[in-house]
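Working notes, structure below.
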Amino acid sequence: MDRQTPQVIRLADYRPPAFLIDRVNLDIRLHATKTRIIAELHIRANPTSSGAGSLILDGDELNFVTARLDGAPLAPDDYQATPSSFTLRAPPARPFKLEIETTVDPTANTKLMGLYRSGGAYCTQCEADGFRRIAYFLDRPDILSVYTTRIEADRKEAPLLLGNGNPGEAGVCEGGERHYAVWSDPWPKPCYLFALVAGDLASVHQPFVTKSGRKVTLGLHVEKGKEDRCGWAMDSLVRCMQWDERVFGREYDLDVFNVVAVPDFNMGAMENKGLNIFNDKYVLADKDTAADADYANIEAIIAHEYFHNWTGNRITCRDWFQLCLKEGLTVFRDQEFSSDERSRPIKRIADVIRLRSAQFVEDAGPLAHPVRPSQYREINNFYTATVYEKGAEIIRMLKTLVGDDAFARGMDLYFERHDGEAATVEQFIACFAEAAGRDLTQFFRWYDQAGTPLVSARGEYDAAARTYTLRLTQATAPTPNQDVKQPVVIPVALGLVAQDGATIEIATDDPDYAHGVLALTRESQTLVVKNVATPPIPSLFRQFSAPVKLEIDLADADLVTLLRHDTDSFNRWQAAQQLAIRTLKRDVVALRQGQTPAGETPLADALASIIEGEARRDPAFAAYLLAMPRDNDIAREIGHDIDPDAIHAARSRLRSTLAARLAPILSGLVADAPATNLYSPDAASAGRRALRHAALYAAADVREPAALAQVEAFYEQADNLTDRQAALIALHDKPGETRERLFEAFEARYHTEPLVLDKWMALQATIPERETLARVRRLMAHPVFSLSTPNRVYALIMSFAQGNPREFHRPDGEGHRFIADLILELDARNPQVASRLATSFRTWKSLESGRRGSARTQLERLAGAGALSRDVADIVTRTLG
Ligand code: B3K
Ligand code: ZN
């Protein structure tokens with residue numbers, strides 16, 4: 001196969017497997033460079049599929065040793081084995097047992113897919129197609145098998161042996177140096193959920209009793225010496241297990257649940273049955289090494305992986321096109337858990353910021369794809385914000401449209417009907433159509449159609465008739481391979497606010513309106529509201545009821561009214577953002593015409609008048625009101641002809657304007673210094689810290705020596721990482737001695753903590769200054785940095801490429817060249833990490849022409865480079881478009 005144009009796999013070509021594998025018995029003898037795997041596969045022809053023919057198993061970089069059929073060695077003519085496949089030419093018609101022995105080298109495995117080593121331990125990652133790097137198999141999610149795994153290893157090197165399912169027999173091997181453990185998983189599962197861990201790790205255990213009385217031992221396994229950083233993850237695990245019982249009626253189904261933290265991991269974590277494997281960044285936490293955001297992430301990701309036990313594991317995906325079936329739904333579930341545990345309004349704002357910054361950008365560029373793609377070249381490139389975050393938004397809209405009760409009935413039906421199956425999105429949606437008694441055909445377009453719909457709204461008030469007429473239209477721009485778009489079903493949660501801030505009741509005969517939500521199903525629709533006594537201000541998409549862009553012509557004064565009085569907290573925050581974006585857009589235009597931007601904004605007075613009250617009412621919300629759109633957000637809102645320098649200058653100007661107006665009001669909040677030794681990671685405490693940090697950030701902008709000294713004092717008094725990091729953030733774009741001194745102090749304090757130095761590197765990589773590229777190059781030589789550890793690459797290199805638009809898109813093209821060089825270097829080592837880095841070019845078409853040219857040069861250079869991985873080749877080809 002030509003590596004530059006990998007083969008396209010299409011949803012339309014799906015066929016049920018010709019063979020089934022009911023049982024898998026694995027015997028894995030771990031060795032640093034030559035691990036031996038004997039896989040005993042119990043195979044039969046699939047009765048629902050016609051014409052079996054030869055059996056072709058997938059492999060990837062496997063060393064074949066021997067094969068036996070029903071206990072007898074195979075003759076050379078009976079089979080063919082290569083590193084990437086095993087073919088049994090004439091499989092028996094009756095069920096048969098195929099034993100194949102292979103060897104792999106886990107130490108040489110730098111791709112971190114299949115069996116590899118991390119921090120001295122052995123671990124695995126099989127999703128999406130890593131199991132074939134361990135054993136020849138039908139590596140597709142619709143092959144469900146019951147697994148037994150015997151793991152054997154050196155006793156000293158790996159005293160702890162973990163597998164899927166429940167622990168069974170264990171003992172010492174002959175000679176006494178090696179030992180083994182047998183693990184049995186009673187639940188049929190696809191091979192992407194297979195896992196093993198073997199190593200010398202520290203373990204923390206806790207008992208858990210499910211609501212029906214099953215006794216479960218929860219285990220957390222981490223690098224030795226880190227056991228006292230497991231408390232938060234364990235607490236989160238217990239809470240999410242109870243929540244899933246309460247809210248979705250889902251109970252755990254094994255005797256043990258193990259979570260292992262490893263330092264080398266391509267993404268966040270993996271939901272292997274009964275044995276979740278995590279990037280250690282999402283497990284370890286104490287007040288000195290994890291920030292508030294880390295605590296929130298750990299809670300969410302522990303829950304996400306645990307929730308997969310039902311949405312993903314008990315019910316899995318028929319094929320990889322259905323990825324959103326488990327991912328979108330599980331993200332929705334973890335978002336709901338965090339909302340219930342923390343603050344629903346704050347969680348919604350955080351999730352929408354993330355959706356817009358990752359998914360809207362993806363959906364507006366060359367990598368746009370439907371939530372359920374219809375084709376792919378490399379499935380690992382489809383673990384995207386679209387599949388995950390937009391996938392979750394679709395579930396949220398479904399709940400809004402059918403109502404809470406029908407949604408709950410639909411979920412119950414789905415669990416009952418499809419337990420133990422590999423399902424499709426159609427089957428999932430059918431459960432809700434049935435539960436709600438509703439035709440969801442049009443709703444299904446959300447899965448098939450890429451692009452963010454643009455909703456335009458125009459309101460008209462008729463004083464004589466006392467009616468308010470709202471005209472809404474929807475349109476979705478063409479995306480790759482999809483020129484024509486159909487209207488989708490858009491739930492518009494809305495309210496009307498009077499000029500004095502009072503709520504106006506909505507009285508309408510419109511059949512598409514119910515309980516505060518208008519279902520916009522056509523290209524254009526009109527809602528007529530009666531008995532409206534004064535001209536209203538529409539508050540649309542409350543709680544961000546649909547993943548769309550809204551275009552509405554509101555006066556600044558109307559936005560200020562919404563900011564002050566809307567009963568919907570999301571739209572209050574949205575009004576502040578909108579006011580900021582207006583100012584920023586205007587100032588970017590001025591700057592590009594060589595004028596000095598005004599910087600003035602109605603937002604300053606509006607915030608000044610409410611911020612003290614908000615700070616008392618909900619500090620976390622006040623902090624969000626004060627947080628201005630970041631450079632990338634502004635670029636996304638402008639959308640074309642992007643000049644990152646002008647955007648940064650406009651933002652700096654707005655920041656100064658707001659700081660000058662608000663710093664005096666906020667100064668009391670910084671002075672109100674944190675009491676020592678009282679750190680608590682709960683959401684309310686984190687919210688109070690976030691507000692104090694917003695105040696510190698504003699204070700730092702005033703920039704007198706006294707202001708800088710205040711930040712430094714704050715750093716020195718801090719008793720936790722969150723506060724220390726906030727001081728660095730406040731000074732991060734304030735060149736000078738104070739900044740460098742704080743960065744040095746931070747490094748000295750944390751030189752033995754790579755995960756904390758990741759934050760230190762990420763902050764430096766995002767300094768919006770021309771010297772940053774040189775700084776990043778210097779940091780690559782820092783003892784903690786390594787291109788082999790994904791966390792280090794994400795912290796330093798990815799932060800530069802995706803969090804520092806001024807420097808990545810330098811006018812001299814050096815930022816683009818630097819990242820392209822690294823993509824090539826990383827690709828040889830770890831294609832998944834390289835391909836994630838390559839997505840940094842996805843906004844290139846929206847840049848102004850000079851920068852666009854240098855991005856194109858580098859993309860073409862990458863496209864022309866020989867021996868690219870399928871992962872990077874796919875991203876580069878699609879990005880060039
Ligand atoms: N299911 C895994 C992601 C696997 C990524 C494969 N490239 C983690 C998660 O979404 O829970
Ligand atoms: Zn997931």
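Index from 1, following the sequence. When a ligand or atom number is given, it counts from 1 through the structure's own listing order. Note that this is a predicted model, so its numbers are computed, not measured.
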Which residue and atom name correspond to the protein heavy atom nearest [atom], and how close is it?
atom                    : result
atom 11 (O) of ligand 1 : Glu305 OE1, 2.8 Å
atom 7 (N) of ligand 1  : Asn380 OD1, 2.9 Å
atom 6 (C) of ligand 1  : Glu127 O, 3.3 Å

> Out of Phe278, Tyr388, Tyr192, whose heavy atom is nearest to atom 3 (C) of ligand 1?
Replying inline: Tyr388
> Which one of Ala269, Ala128, Ser835 has a non-hydrogen atom at the shortest distance from atom 8 (C) of ligand 1?
Replying inline: Ala269
> Are the ring centres of Tyr306 and Phe337 closer than 6.0 Å?
Replying inline: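 Aromatic pair excluded; centres sit 6.0 Å or further apart.
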> With Arg344, which residues qualify under salt bridge (charged side-chain N to carboxylate O under 4.0 Å, His left out), at least two apart?
Replying inline: Glu336, Asp340
> Relative to the ring of Phe407, is the ring of Phe248 parallel (under 30°), tilted (30 to 60°) or perpendicular (over 60°)?
Replying inline: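 It falls in the perpendicular class, over 60°.
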> In terms of ring plane angle, is the pair Tyr383 and Tyr388 parallel, tilted or perpendicular, where the classes change at 30° and 60°?
Replying inline: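 Tyr383 vs Tyr388 ring planes: tilted.
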Below 4.0 angstrom from a heavy atom of [X], which ligand 1 atoms are there? Numbered from 1 as shown, please.
X      : answer
Glu271 : 1 (N), 2 (C), 8 (C), 9 (C), 11 (O)
Gln832 : 7 (N)
Met270 : 1 (N), 2 (C)
Lys326 : 1 (N)

> Does a side chain donor of either His308 or Thr330 reach within less than 3.5 Å of an acceptor in the other side chain?
Replying inline: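 Judged by distance alone, the side chains do pair up.
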>> Regarding ligand 1, does His308 bring an N or O atom to under 3.5 Å of one of the ligand's N or O atoms?
In response: yes
>> So, of the N/O/S atoms that Glu327 has, which is the nearest one to the Zn ion (ligand 2)?
In response: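 Among the N, O or S atoms of Glu327, the one closest to the Zn ion (ligand 2) is OE1.
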>> Any salt bridge linking Lys390 with Glu362? Criterion: basic side-chain nitrogen under 4.0 Å from a carboxylate oxygen.
In response: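 No.
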> Tyr794 ring centre to Arg836 NZ or CZ under 6.0 Å, with the angle to the axis within 45°?
Replying inline: yes
> How far apart are the C-alpha atoms of Phe307 and Trp243, what are their side-chain angles, what is the distance that settles it, and do they pass the ring-ring contact (aromatic ring centres under 6.0 Å, His included) test?
Replying inline: CA-CA 10 Å; Phe307 294 159; Trp243 183 92; 5.2 Å; yes
